[in-house]
Enquirer: 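My questions all concern the structure below.
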Amino acid sequence: NNAFANWLIKKKDTEITSFLILAKRCEKVRAKQCSGWYYPVQGDEENTLLMEIVEKAKAYKGKRLLDRYTLQMMRALTSLRQYNECLNVWLGHKVFFHGDVIQEMAQNYAAGACYHIGEIAKAKKMFIETGDIISYVFCINKEGKTYDSYDMLPIIYQRDTNDKRLFQQMQNIIHYDIEWGRPNLEKNLKTLYDFTLNVLDEGKAKNLAGWYYTASYLSDKLCDTVQALEYIRQARELPAGQDLKDAIRVFDIYLKAKSATKYDTDFENYLYDELSWLDQKLVMNLDSDTKEWIINSGIKNHICGYSLYYWDDMMRKIVISQVVPKCIASGYQTRALQLLNMADNRLLNFVGKHLYSIDDTIVDWGNSPRICYSWFKRNYYRADDDARNDYDYSNDFFINLDSLGVEHIERLAVRMQKPLCAFDRFLNERSYTNMEYLYEIIGTQLLAAMRYKEAIHYLSQVSDEFMQ
């Protein structure tokens with residue numbers, strides 16, 4: 001199925017196939033040396049094979065693949081720790097390169113050779129030319145200056161304003177330092193924020209929408225929601241790819257929910273439109289691998305607050321952290337419960353709820369009482385085990401059912417069976433709607449209040465199967 005291989009066979013191009021065989025041998029031998037079990041001994045099999053590869057590469061007399069043979073020679077010499085010879089090969093052959101990726105790779109090996117023989121200044125110059133910023137920083141650290149991931153940002157930016165590694169580096173820092181809350185959080189945030197504002201002030205970057213989005217995120221982290229809203233507004237007005245446009249819109253929803261002073265009809269109409277769009281994205285972007293991951297990890301990740309699936313993560317962040325508290329403060333407790341029900345159950349309802357029995361047979365939960373499967377071992381439970389429901393009685397929906405007051409749960413039960421508006425129907429379709437679940441909670445709370453007659457009304461509608 002390899003079109004290139006088929007082309008080589010059809011053309012009988014033995015010059016290329018001979019080179020590819022040599023390159024593959026070089027890669028295999030170098031991979032053996034990378035093993036934790038490899039111990040270098042002069043004259044061992046790996047060294048002998050690498051020397052043979054060097055000699056075969058030297059023997060090539062053509063011009064067509066000379067740059068590629070030179071690269072293999074330099075790779076083999078680097079693995080043999082013959083750094084001076086590697087550098088000599090580069091100096092003697094660099095005129096045969098064509099200013100492409102092969103030259104860049106070869107120059108990086110030459111720069112590495114300079115580094116190993118102590119010519120740090122020369123190595124730095126070559127690494128910065130090829131864009132190998134990480135190796136460049138190694139050289140700086142070798143000189144006694146300590147550079148970290150934050151120091152790399154202006155270095156990359158000065159070399160190429162639009163280097164794709166800038167955003168990769170920013171994302172890594174944000175994920176590992178900011179989101180995980182490592183020491184010096186405020187200082188680190190300010191460093192990233194100042195760098196981002198400098199990029200925006202200069203205006204040289206092509207992807208300005210991405211930089212305004214970053215500035216908005218960092219402003220929000222620095223507790224300046226007003227400025228964050230202004231940056232996200234500017235991001236929305238700039239050209240961007242579809243993925244970035246979607247991310248900007250999601251963050252805009254989050255910031256508007258965060259800055260809303262109260263929950264009222266106007267805000268609900270806005271929220272309904274945005275949650276409908278967000279839900280469409282949740283469905284459209286769910287591939288089979290992600291679906292399998294959610295089936296295996298969804299319950300654990302929801303309970304622990306770990307990231308699971310971007311579209312569900314952001315829907316939950318918007319609803320649980322921002323919208324629901326405003327609902328409750330504004331007197332919309334029943335609506336708060338409806339939103340929490342959707343946030344905690346939408347994705348799990350959509351992918352299907354499964355319990356893996358001891359023989360790995362899948363048992364469909366359907367809309368019956370749900371037993372959380374063990375996330376670390378699929379065949380942990382037997383079907384008749386005395387298993388606990390670790391999800392429906394510990395999530396945010398349940399915590400609020402257990403604390404907002406029984407009258408709001410009674411209203412929720414009515415709204416589930418007799419929705420009053422389109423938003424009710426939208427939320428119900430994406431929620432856990434087994435009425436026995438609510439009736440049991442209502443009955444239990446009425447028992448606690450010694451309202452026994454009312455408790456009997458609800459508890460009599462709960463089956464023995466559900467109670468089990």
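Predicted, not measured: the structure shown is a model, and the values here were computed from it.
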Enquirer: Salt bridge between R233 and E237, side-chain N to carboxylate O under 4.0 Å?
Expert: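 Yes, R233 and E237 are salt-bridged.
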Enquirer: Between S135 and Y115, is any side-chain donor less than 3.5 angstrom from a side-chain acceptor?
Expert: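 Result is no, nothing qualifies.
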Enquirer: Decide whether D44 and Y38 meet the rule of one side-chain donor and one side-chain acceptor closer than 3.5 Å.
Expert: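 There is such a pair (donor and acceptor under 3.5 Å, judged by atom type) between the side chains of D44 and Y38.
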Enquirer: Test side-chain hydrogen bond (donor to acceptor under 3.5 Å, both in side chains) on Y157 and E202; report intermediate values, then the result.
Expert: CA-CA 11 Å; Y157 178 70; E202 290 192 358; 2.6 Å; yes
Enquirer: When you check the gap from the basic side-chain N to the acidic O, do D424 and K418 get nearer than 4.0 Å?
Expert: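 No, no charged N to carboxylate O under 4.0 Å.
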Enquirer: If we ignore angles and hydrogens, is there a donor and acceptor under 3.5 Å between the side chains of Y150 and D177?
Expert: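 Note: Y150 and D177 side chains meet the donor-acceptor criterion.
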Enquirer: Any chance you could measure I156, atom CD1, to Q168, atom CD, to the nearest 0.5 Å?
Expert: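 It comes to 8.5 Å.
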Enquirer: If you round to the nearest 0.5 Å, how far is CZ of F251 from CD1 of I232?
Expert: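 Interatomic distance, I232 CD1 to F251 CZ, rounded to 0.5 Å: 6.0 Å.
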Enquirer: Above 12 or not: heavy atoms from other molecules or residues under 6.0 Å from CG of D201?
Expert: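 It does: D201 CG has more than 12 such atoms within range.
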Enquirer: Does R81, at its CZ atom, have more than 12 non-hydrogen atoms belonging to other residues, nucleotides or ligands within less than 6.0 Å?
Expert: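 Not more than 12 within 6.0 Å, no.
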Enquirer: Atom CD of E454 and atom CD of E410: how far apart are they, to the nearest 0.5 Å?
Expert: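 Here the interatomic distance stands at 6.5 Å.
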Enquirer: Taking the side chain from D224 and the backbone from S219, do they hold a donor-acceptor pair closer than 3.5 Å?
Expert: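 Such a contact is absent between D224 side chain and S219 backbone.
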Enquirer: Thinking salt bridges, do K256 and E274 make one under a 4.0 Å N-O criterion?
Expert: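 No.
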Enquirer: Decide yes or no for L446 and K453: does some side-chain heavy atom of the first lie under 4.5 Å from some side-chain heavy atom of the second?
Expert: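 Side-chain contact under 4.5 Å: no.
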Enquirer: Answer yes or no: is there a side-chain heavy-atom contact under 4.5 Å between V324 and F397?
Expert: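 Counting from C-beta outward, V324 and F397 never come under 4.5 Å.
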Enquirer: Can a salt bridge be assigned to the pair R159 and E129 using a cut-off of 4.0 Å between side-chain N and carboxylate O?
Expert: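 No, R159 and E129 are not salt-bridged.
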Enquirer: Is a donor from one side chain sitting under 3.5 angstrom from an acceptor on the other, for D279 and S276?
Expert: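 No, no side-chain donor-acceptor contact under 3.5 Å.
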Enquirer: Short question: side chain of N296, backbone of E292 - any donor-acceptor pair under 3.5 Å?
Expert: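 Checking the backbone N and O of E292 against the side chain of N296, a donor-acceptor pair under 3.5 Å is found.
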Enquirer: With a 4.5 Å limit on heavy-atom distance, are the side chains of L412 and L401 in contact?
Expert: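 In short, these two side chains touch, coming nearer than 4.5 Å.
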Enquirer: Going by an N to O cut-off under 4.0 Å, is there a salt bridge joining K291 and D287?
Expert: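 Looking at D287 together with K291, the answer is no, because their closest N to O distance does not fall below 4.0 Å.
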Enquirer: Among N395, D312, D313, D344, which one satisfies side chain to side chain donor-acceptor pair (under 3.5 Å) with H302?
Expert: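 By the side chain to side chain donor-acceptor pair (under 3.5 Å) criterion, H302 pairs with just one of N395, D312, D313, D344: D312.
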Enquirer: Taking only residues two or more places apart in sequence or in another chain, which ones pass ring pair (Phe, Tyr, Trp, His ring centres under 6.0 Å) with Y332?
Expert: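 By the ring pair (Phe, Tyr, Trp, His ring centres under 6.0 Å) rule, Y332 matches Y263.
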Enquirer: So do the side chains of L278 and I318 get within less than 4.5 Å of each other, counting heavy atoms only?
Expert: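 Yes, side chains in contact.
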Enquirer: So how far is it from L166 CG to T214 OG1, rounded to the nearest 0.5 Å?
Expert: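 Those atoms lie 10.0 Å apart.
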Enquirer: Is there a side-chain contact between Y109 and L71 (heavy atoms, below 4.5 Å)?
Expert: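 In short, these two side chains touch, coming nearer than 4.5 Å.
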Enquirer: For K258, does its backbone N or O pair with a side-chain atom of K326 as donor and acceptor, under 3.5 Å?
Expert: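 At least one qualifying donor-acceptor pair exists.
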Enquirer: Might you confirm whether atom CD of Q242 has over 12 heavy atoms from other residues, nucleotides or ligands at distances under 6.0 Å?
Expert: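 Result for CD/Q242: enclosed.
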Enquirer: State whether the side chain of D163 and the backbone N or O of Q158 hold a donor-acceptor pair below 3.5 Å, judged by distance alone.
Expert: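 Not confirmed, D163 side chain does not pair with Q158 backbone.
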Enquirer: Mind checking whether V414 and T334 have side chains closer than 4.5 Å, heavy atoms only?
Expert: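 Result no, sub-4.5 Å side-chain heavy-atom pair not found.
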Enquirer: Any chance you could measure L200, atom CG, to Q234, atom CD, to the nearest 0.5 Å?
Expert: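 Separation between the atoms: 8.0 Å.
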Enquirer: Would Y458 and E440 count as a side-chain hydrogen bond (donor to acceptor under 3.5 Å, both in side chains) here? Give the steps.
Expert: CA-CA 7 Å; Y458 285 104; E440 190 276 325; over 6 Å; no
Enquirer: Can you confirm whether Y391 sits close enough to L348 that some side-chain heavy atom of one is under 4.5 Å from a side-chain heavy atom of the other?
Expert: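 Yes. Closest side-chain heavy atoms under 4.5 Å.
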Enquirer: Kindly say whether K187 contributes a backbone atom to a donor-acceptor pair with the side chain of N184 at under 3.5 angstrom?
Expert: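 The answer is no, because no donor-acceptor pair under 3.5 Å joins these two groups.
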Enquirer: Got a donor-acceptor contact below 3.5 angstrom from the Q417 side chain to the A413 backbone?
Expert: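 A pair under 3.5 Å: yes.
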Enquirer: When you measure from the side chain of N400 to the backbone of D396, do you find a donor-acceptor pair of N or O atoms at a distance under 3.5 Å?
Expert: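 The answer is yes, because a donor-acceptor pair under 3.5 Å joins these two groups.
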Enquirer: Return yes if some donor-acceptor pair links the side-chain N/O of R316 with the main-chain N/O of A343 below 3.5 Å, else return no.
Expert: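 Side chain of R316 to backbone of A343: a pair is present.
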Enquirer: I want to know whether F167 and W211 have ring centres closer than 6.0 Å.
Expert: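 Yes.
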Enquirer: So how far is it from L427 CG to M416 CE, rounded to the nearest 0.5 Å?
Expert: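 The distance works out to 9.5 Å.
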Enquirer: Take atom NZ of K281 as the centre, draw a 6.0 Å sphere, and report whether it contains more than 12 heavy atoms from other residues, nucleotides or ligands.
Expert: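 More than 12 within 6.0 Å, yes.
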Enquirer: Are the side chain of E436 and the backbone N or O of S463 linked by a donor-acceptor pair below 3.5 Å?
Expert: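 Pair found, side chain donor or acceptor close to backbone of S463.
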Enquirer: Applying side-chain hydrogen bond (donor to acceptor under 3.5 Å, both in side chains), run through S431 and N345 and close with a yes or a no.
Expert: CA-CA 5 Å; S431 296; N345 291 295; over 6 Å; no
Enquirer: Would you call R75-E27 a salt bridge at under 4.0 Å N-O?
Expert: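 Salt bridge between R75 and E27, a charged N being under 4.0 Å from a carboxylate O: yes.
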Enquirer: Report yes if some heavy atom in the side chain of L192 is under 4.5 Å from a heavy atom in the side chain of I178; otherwise report no.
Expert: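 Answer yes - side chains close enough.
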Enquirer: Looking at Y393 versus Y437, is the centre-to-centre ring distance below 6.0 Å?
Expert: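 Yes, the ring of Y393 comes within the 6.0 Å limit of the ring of Y437, centre to centre.
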Enquirer: Under the 3.5 angstrom rule, does the side chain of S460 hit a backbone N or O of I456 as a donor-acceptor pair?
Expert: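 Side chain of S460 to backbone of I456, a donor-acceptor pair under 3.5 Å: yes, one is there.
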